[in-house]
A.B. asks: 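Quick one: the structure is below, and I'll ask about it shortly.
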Amino acid sequence: MTPASGGSCVRARPALFAGLLFLAACAEETVPADPDVFAPSYSPVVTTLLADDLVSFTVSMSGARGPGDLRDFTDCAAAQYAVIRGLGFARHVRTNLGEPGLVWGAEAAYTISRELPRGTQTLDAAATLEACRARGIATI
């Protein structure tokens with residue numbers, strides 16, 4: 001039947017409308033999680049010396065918003081490592097990401113050096129470490 005013929009569609013509208021009002025009322029009671037709140041949990045960093053100036057950092061964290069959060073975490077670990085050894089710089093070489101899920105994981109390699117290395121993905125270790133601490137990102 002069509003609504004113009006006065007069939008069941010017309011009678012269904014009040015029930016449909018009441019059902020939508022019920023769903024809207026229920027939705028108002030549910031408080032969604034705030035997507036702007038970032039509260040990660042960092043696991044300890046596993047550090048592996050691959051060569052005299054090449055270091056691997058394996059990290060995992062829950063609450064990551066994406067690969068960028070893992071990159072920040074590995075940058076912070078590399079900066080801390082360089083500072084501890086009295087070296088001033090690190091250069092990102094590569095990152096291998098694990099499958100995303102509740103816990104994200106990554107393994108990243110950096111060269112560590114006393115002088116500014118060539119390349120575009122270099123870190124001033126002291127400045128990076130200061131920024132990491134200000135943002136609450138874990139280091140080694």
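Predicted model only: the values in this text are computed from it and were never measured.
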A.B. asks: Surrounding CZ of Arg94 (heavy atoms of other residues, nucleotides or ligands, distance under 6.0 Å), is the total greater than 12?
C.D. replies: yes
A.B. asks: Mind listing the closest non-hydrogen atom pair of Leu129 and Ala79 along with its distance?
C.D. replies: N-CB, 4.0 Å
A.B. asks: Any heavy-atom pair between the side chains of Asp52 and Leu54 that's under 4.5 Å?
C.D. replies: no
A.B. asks: How far apart are the C-alpha atoms of Val103 and Met61, what are their side-chain angles, what is the distance that settles it, and do they pass the side chain to side chain contact (heavy atoms under 4.5 Å, CB included) test?
C.D. replies: CA-CA 5 Å; Val103 176; Met61 63 185 291; over 6 Å; no
A.B. asks: Suppose the criterion is side chain to side chain donor-acceptor pair (under 3.5 Å): which pairs have a residue in residues 75-85, not counting sequence neighbours?
C.D. replies: Arg71-Asp75, Asp75-Tyr110, Gln80-Arg133, Gln80-Thr139, Tyr81-Arg85
A.B. asks: Looking only at heavy atoms, which two atoms of Ile112 and Ala82 are closest? And how far apart?
C.D. replies: CG2-CB, 3.8 Å
A.B. asks: Between Arg114 and Gly86 (side chain of the first, backbone of the second, donor and acceptor by atom type, cut-off under 3.5 Å), is there such a pair?
C.D. replies: yes
A.B. asks: So, for Pro67 and Leu97, which heavy atoms are closest and what is the spacing to 0.1 Å?
C.D. replies: CB-CD1, 3.5 Å
A.B. asks: Please examine the side chains of Thr47 and Val55, heavy atoms only from C-beta on, and report whether any two atoms are closer than 4.5 Å.
C.D. replies: yes
A.B. asks: Would you name the heavy atoms of Phe89 and Pro117 that are closest together and state the gap between them?
C.D. replies: CB-CD, 3.6 Å
A.B. asks: Return the minimal non-hydrogen interatomic distance between Leu87 and Ser113, and the atom names on each side.
C.D. replies: CB-O, 3.5 Å
A.B. asks: Test side chain to side chain contact (heavy atoms under 4.5 Å, CB included) on Thr122 and Thr120; report intermediate values, then the result.
C.D. replies: CA-CA 6 Å; Thr122 59; Thr120 60; over 6 Å; no
A.B. asks: Could you tell me whether Glu130 atom CD has more than 12 heavy atoms of other residues or ligands within 6.0 Å of it?
C.D. replies: no
A.B. asks: How long is the straight-line distance from CG of Asp124 back to CG of Leu116, given to the nearest 0.5 Å?
C.D. replies: 8.5 Å
A.B. asks: Under 4.5 Å between any side-chain heavy atoms of Thr48 and Phe57, yes or no?
C.D. replies: no
A.B. asks: What do the steps show when you test Glu107 against Ser56 for side-chain hydrogen bond (donor to acceptor under 3.5 Å, both in side chains), and what is the final call?
C.D. replies: CA-CA 7 Å; Glu107 183 272 332; Ser56 167; 2.5 Å; yes
A.B. asks: Considering only heavy atoms from C-beta outward, does the side chain of Ser62 approach that of Leu102 to under 4.5 Å?
C.D. replies: no
A.B. asks: Please tell me whether Tyr42 and Val59 are part of a single hydrophobic cluster in this structure, the criterion being side-chain heavy atoms less than 4.5 Å apart.
C.D. replies: yes
A.B. asks: Does the side chain to side chain contact (heavy atoms under 4.5 Å, CB included) test come out yes or no for His92 and Thr111, once each step is laid out?
C.D. replies: CA-CA 7 Å; His92 178 257; Thr111 58; over 6 Å; no
